[in-house]
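In what follows, a single structure is set out as structure tokens and then discussed.
Since the model is a prediction, treat every value here as computed from it, not as a measurement. No hydrogens, no waters, no symmetry mates; every other heavy atom, side chains included, goes into these values.
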Amino acid sequence: DLRRRLGEGARAPFWAAAWKFPPATAETEVRAIHWQVGRTGRRTPVAEVVPVLLGGVRISRISLHNAAELERLDIAEGDHVVVGLIGDVIPQVLAVVGRVSREDTADAVPTKLPAAAIDACLRDGPGCTEQFLARLVHFVSKPGMNIAGFGRGRLRMLIEAGLVHDLTSIFRLQEEAIAAVPGFGDITARKLTGAIRAVDRSDHFRLVVAIGIPGVGKAGAGRLAKQFTSLDTLLEAKDEQLNVMPGKDRKTAKTVRNFFQSSGGRELLEKFRGLGMLRN
DNA sequence: TCCGGTGGGTGTAGGCTCAC
DNA sequence: GTGAGCCTACACCCACCGGA
């Protein structure tokens with residue numbers, strides 16, 4: 001009864017806490033620092049290290065989270081670092097124990113990261129492929145449209161083959177065209193198109209999550225789905241209607257509306273409608 | 001002002017399937 | 001037969017923002 005009264009959050013119950021062992025540690029060397037681009041455009045530094053065994057796990061890449069963390073640790077290529085396996089799962093740089101001369105290393109921290117636009121990289125294009133690919137990976141993922149069989153590698157091949165250039169392209173893929181791409185065969189092509197056909201196209205708010213609007217996740221979209229019967233009822237809602245909603249729901253609703261009022265959002269909306277999706 | 005929830009992001013292992 | 005890719009599970013960190 002106490003557990004029921006305390007309830008659960010989106011990730012964990014409020015009535016439980018986990019006790020963790022201190023992480024196992026090992027020393028290794030930083031080979032390089034790469035910057036990865038996420039679906040929202042966020043850039044994350046990742047340290048590539050000389051592979052080291054930690055708790056039976058071979059560690060070769062470690063997220064450094066952001067530029068501030070990179071600066072705080074002051075890591076450069078060639079440095080020796082102590083790494084740990086937080087929670088027995090996530091590799092983490094705990095400290096730098098041996099530094100190379102900073103004169104020999106280039107500054108890996110970008111001076112200024114571009115601000116993420118709400119409708120940035122909705123399609124493939126120069127300077128946009130990595131973010132668009134990350135968007136696509138999210139789009140087909142389980143929390144997104146849940147289209148099985150599309151991983152990062154296959155999506156990249158489909159982009160390079162010119163078959164996928166925006167999010168709606170996925171729904172226009174033809175079995176023969178996929179099978180003609182090197183690396184794909186008849187079986188894979190049949191399975192992928194079968195997975196595409198199996199998508200529930202009537203779930204407006206799942207599609208909203210899948211599109212990957214910054215700040216709009218599964219929990220927020222789920223709350224909107226309880227308050228609006230369709231995406232159109234949300235888009236047509238007056239400010240007075242939104243203003244009586246709880247703060248975080250109001251913000252999510254306005255974020256969604258702003259997205260579909262942007263030029264990229266409007267274009268995407270029309271394309272999905274053309275596919276028979278997002279209709280009342 | 002501070003706390004807590006949510007969103008966005010990360011890496012690895014292991015089993016499975018399929019292209020080559 | 002082999003290697004590559006996908007999927008799933010696991011669990012953490014950080015930024016941001018609403019609400020107390």
Nearest to the side chain of A:Arg154 - C:dC6, B:dG11, B:dC18?
C:dC6
Quick one: A:Glu160 CD to C:dG5 P, roughly how many Å, whole number?
11 Å
Nearest whole Å is fine: how far is C:dA11 P from A:Ile59 CD1?
15 Å
What is the distance, rounded to the nearest whole Å, between atom CD of A:Gln131 and atom P of B:dG8?
12 Å
Candidate nucleotides B:dT10, B:dC18, B:dT12, ranked by approach to the side chain of A:Ser63 - the nearest:
B:dT10
By nearest atom, which of the nucleotides B:dA19, B:dG11, C:dC17 is closest to the A:Val46 side chain?
B:dG11
Could you tell me how far apart A:Arg223 (CZ) and B:dG5 (P) are, to the nearest whole angstrom?
13 Å
Go nucleotide by nucleotide along DNA chain B from the 5' end; which of A:Pro182 and A:Gly220 gets its closest nucleotide reached first?
A:Gly220
Specify the separation, in whole Å, of atom CG of A:Leu192 and atom C1' of B:dC18.
11 Å
B:dC20 P sits how many Å from A:Ile187 CD1, rounded?
11 Å
So, does A:Thr188 get its side chain near the phosphate of B:dT17, meaning an N or O under 4.0 Å from OP1 or OP2?
no
Rounded to the Å, how far apart are A:Leu155 CG and C:dC6 P?
7 Å
Starting from C1' on B:dA19, measure out to NZ on A:Lys191 and report it in whole angstrom.
13 Å
If an axis is fit to five pairs at each end of the helix from B:dT1-C:dA20 to B:dC20-C:dG1, what is the angle between the two, to the nearest 10°?
10°
Has A:Arg61 got a side-chain atom pairing as donor or acceptor with A:Glu48's backbone, closer than 3.5 angstrom?
no
Would you mind telling me which residue lines up with the more 5' stretch of DNA chain B, A:Val181 or A:His138, judged by nearest nucleotide?
A:His138
First locate atom CZ of A:Phe139, then atom CG of A:Leu207, and finally report the distance between them rounded to the nearest 0.5 Å.
5.5 Å
Could you work out, with side chain to side chain donor-acceptor pair (under 3.5 Å) as the rule, every residue matching A:Lys271, not counting sequence neighbours?
A:Asp166
Do A:Leu268 and A:Phe259 have side chains that get closer than 4.5 Å, going by heavy atoms?
yes
Is the shortest distance from a Lys or Arg side-chain nitrogen in A:Arg156 or A:Glu130 to a carboxylate oxygen in the other one below 4.0 Å?
yes
Assert: residue with more 5' nearest nucleotide on DNA chain C, out of A:Ala148 and A:Lys251, is A:Ala148
Quick check: does any side chain N or O of A:His204 sit under 3.5 Å from a backbone N or O of A:Leu231, one acting as donor and the other as acceptor?
yes
Give A:Asn146 one of three labels, base, sugar-phosphate or nothing, depending on what nucleic acid heavy atoms sit under 4.0 Å from its own.
nothing
Transitively linked via ILVMFWY side-chain contacts under 4.5 Å: A:Leu269 with A:Val209?
no
